[in-house]
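Quick note on labels: first sequence line is chain A, next is B, and so on, each numbered from 1.
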Amino acid sequence: MGRYPHGKEWCEAMRLFDVSLLLVSLRMSTSLILAAIGGVFSERSGVVNIGLEGMMLVGAFSGMLGSYWTGNPWMGVLAAMVSGGLLASLHAVVCIRYHANQAVSGAGMILLATGLSSFGLRAIFHHAGNSPTVNALNTTDILKSVPVIGDFLVLLPPFVYVAFAAVALAHFVIYKTPLGLRIISVGENPRAADTLGINVYAIRFGCVILSGVLAGLGGAYLSLGQLNLFQEGMSSGRGFIALAAVIMGKWTPIGAMLSCLLFGFADALQLKLQTIPGNLIPAEILLTLPYVIILLVLAGAVGRALPPAANGQPYKKAEG
Amino acid sequence: MSRRAYRLSTQVLEVLIPVITVLVALLLGAGLMLLVHKNPILAYRALWNGAFGSIRSVSETLVKATPLILTGLAVAFGFTSGVFNVGGEGQLLTGALAAAWVGYSIGGLPRFVHVPLALTSSAAIGALWALVPAIMKVACGAHEVITTIMMNWIAIYIVHYLVIGPLKAPGELPATPFILKSATLNRLLPEPSRLSTGILVAVACAILVFLVLRKTVLGYEVRAVGKNQDAAAYAGINVPRTVITSMLVSGMLAGLAGGVEVLGLHRRFYDAFSPGYGFDGIPIALLARNNPLGVLITALLFGALRNGASSMQIIAGIPKEIVVAVQGLIIVLIAGENLVRWAVTRTVRSGVKR
């Protein structure tokens with residue numbers, strides 16, 4: 001301790017950066033990454049999906065419910081993905097088929113999800129705030145046999161690995177397959193894509209529903225991976241953080257993933273900072289850190305990055 | 001079809017669509033109730049009685065509608081210029097805290113000075129809270145939905161910190177001290193009615209906003225920018241300045257909503273007093289098609305929903321959160337209004353000779 005010139009404070013700061021910080025960062029980023037990948041697909045095809053937050057919330061709720069009713073957390077995961085997809089399909093129908101204002105529809109999704117999940121919690125469990133605890137997937141036991149780092153890998157829920165796999169898969173699909181090229185073209189210039197025979201509606205539908213499925217999975221992580229119950233309003237803004245990560249990552253899967261990791265790290269750091277003795281910043285102010293970062297990001301990054309050209313504009317097939 | 005008949009029929013349609021949207025949403029809500037084995041007819045009757053069944057309920061409905069009128073106006077004004085202000089909640093909270101602080105910490109003022117001062121401060125702080133997203137939208141193209149939502153969260157945490165810390169009144173509750181009598185908005189009706197002159201402030205704002213939009217240059221510019229930014233710019237309108245002004249006005253109205261709640265109803269600021277009034281403004285504005293006078297009606301509707309929902313919970317056993325789901329459904333359906341429009345014109349056209 002005497003080696004360092006600034007002594008105690010420096011050591012305290014250094015103690016922040018240890019393995020547990022890494023673990024917590026990964027844990028905090030997982031739901032963000034899943035939702036963000038969904039966001040990348042949706043926005044790349046030209047549909048803004050602000051309702052990601054809502055799809056995460058219904059995913060969290062349905063995940064808990066599925067595990068509660070069947071006792072099997074994997075059924076919860078399935079339920080979460082289905083419910084996220086269903087909510088997204090409503091968004092898709094309204095925005096793609098009926099040319100709705102996508103931001104408004106997205107906002108409606110969030111309210112709908114909030115209302116449904118809170119209502120469901122009370123109507124089914126006759127309880128406010130938290131659901132009863134359910135069987136969850138907090139650890140990945142099958143990885144225990146991996147040599148050297150097995151004991152470390154077990155500590156992370158399977159969702160974490162699925163999230164990174166999703167990033168790799170998304171990157172492959174978007175940049176290495178014809179489907180990915182079609183998605184990009186639909187987002188940049190749907191009319192040109194349409195004249196080439198690409199089914200703009202179908203691609204957009206598929207991407208939006210996929211974003212709902214992934215966001216639902218991200219929500220399932222909250223209730224089945226991070227905890228083992230559902231709390232009202234569990235998603236607490238993560239859907240928006242995921243959206244900001246998409247923008248920050250310039251609408252690429254890997255960029256979005258890196259942004260999510262940054263946010264997860266900021267979150268983990270803020271938690272850690274709360275525990276240092278002598279820390280003068282009140283906890284509540286630290287809690288605003290992720291949101292302030294997003295504002296800074298949006299102020300700086302968006303000027304440099306261009307969204308898909310047709311993002312947010314409903315596509316109307318020409319008559320005749 | 002004569003021109004007059006066509007114009008009349010489109011006007012009828014414009015009013016019909018929000019009405020049908022609400023009915024469809026309520027119908028789906030009924031479906032949800034059936035899903036959990038509850039009686040929707042009993043529920044809606046309890047809702048109606050709870051909202052309008054007695055003088056007391058009507059008074060309480062108006063109480064609930066008061067902040068909704070203002071947040072609805074806030075969102076509507078923003079939408080008129082093409083800006084989606086989702087930050088009503090944050091602007092409301094900061095405005096409310098400002099009003100509370102002015103209300104309890106400045107003594108020796110006569111009422112006709114103190115009340116306007118407190119209300120003005122709530123409006124000013126609300127506008128300030130909308131300033132950052134406004135500038136970011138204009139300068140960096142940042143989507144105002146995300147920036148205003150971020151400001152919401154920041155507001156929630158900062159206000160929470162202030163109310164359990166520096167601005168806290170002695171005692172157990174996370175709340176500020178009560179405001180001085182000189183800052184309160186009078187009650188309109190005798191006890192136990194909670195209705196205050198705040199509702200008059202809200203209605204006056206609605207009329208004011210209507211006049212500004214229809215009769216002033218600013219209102220014209222706001223509407224023009226909302227309809228077509230490029231055309232407005234071509235006509236010489238300073239689009240960035242108009243957008244910023246519009247967001248500031250929107251923030252002002254939302255901040256005022258908070259101020260009115262504190263000065264008229266609660267007489268203090270206590271933590272988490274708003275059950276989402278800022279967000280409620282969105283369906284209210286959408287249903288009213290951004291018409292300030294229409295907002296009065298739709299805000300009343302939502303006040304009734306909120307008020308009646310408590311009775312519905314007690315009598316029919318249905319959690320009042322269903323109202324939030326119904327509101328979300330209304331937003332989605334209104335966003336997809338073409339869906340409703342298509343359905344209605346399909347039905348109508350089959351009966352009308354062309």
Side chain, backbone, both or neither: which part of [X] has a heavy atom under 4.5 Å from chain A?
X         : value
Tyr161(B) : both
Leu286(B) : side chain
Ile154(B) : both
Ile164(B) : side chain
Val86(B)  : neither

Are any side-chain N or O atoms of [X] and backbone N or O atoms of [Y], one a donor and one an acceptor, separated by less than 3.5 Å?
X         : Y         : value
Ser223(A) : Ala60(A)  : yes
Tyr68(A)  : Ser131(A) : no
Asn152(B) : Gly90(B)  : yes
Trp129(B) : Met151(B) : yes

What residue, out of Thr147(B), Val36(B), Ile158(B), Ile149(B), has the most heavy-atom pairs lying under 4.5 Å from chain A? Ile149(B)
Report the option among Gln327(B), Glu321(B), His37(B) that has the most heavy-atom pairs separated by less than 4.5 Å from atoms of chain A. Glu321(B)
is_close_aromatic(Phe205(A), Tyr201(A)), centroid dist under 6.0 Å: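 When the ring centroids of Phe205(A) and Tyr201(A) are compared, they turn out to be at least 6.0 Å apart.
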Who wins among Ala244(A), Gly54(A), Gly120(A), Ser118(A) for the most heavy-atom pairs under 4.5 Å with chain B?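 The answer is Ser118(A).
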What option among Ile50(A), Asn101(A), Leu295(A) has the most heavy-atom pairs under 4.5 Å with chain B?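 Ranked by contacts with chain B, first place is Leu295(A).
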Would you say CD1 of Ile41(B) has more than 12 non-hydrogen atoms from neighbouring residues, nucleotides or ligands within 6.0 angstrom?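 Check fails, neighbour count at 12 or below.
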Kindly check if the number of other-residue, nucleotide or ligand heavy atoms within 6.0 Å of NZ (Lys320(B)) is above 12?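 It does not: Lys320(B) NZ has 12 such atoms or fewer within range.
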Pick one of side chain, backbone, both or neither for [X], based on which atoms fall under 4.5 Å of a heavy atom in chain B.
X         : value
Val292(A) : both
Leu116(A) : both
Leu90(A)  : side chain
Ser117(A) : neither

Return the CE to OG distance between Met56(A) and Ser235(A), rounded to the nearest 0.5 Å.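 It is 7.0 Å, given to the nearest 0.5 Å.
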Just jot down the ring pair (Phe, Tyr, Trp, His ring centres under 6.0 Å) partners of Tyr157(B), sequence neighbours excluded, or say none.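 So Tyr157(B) forms no ring pair (Phe, Tyr, Trp, His ring centres under 6.0 Å) with any residue.
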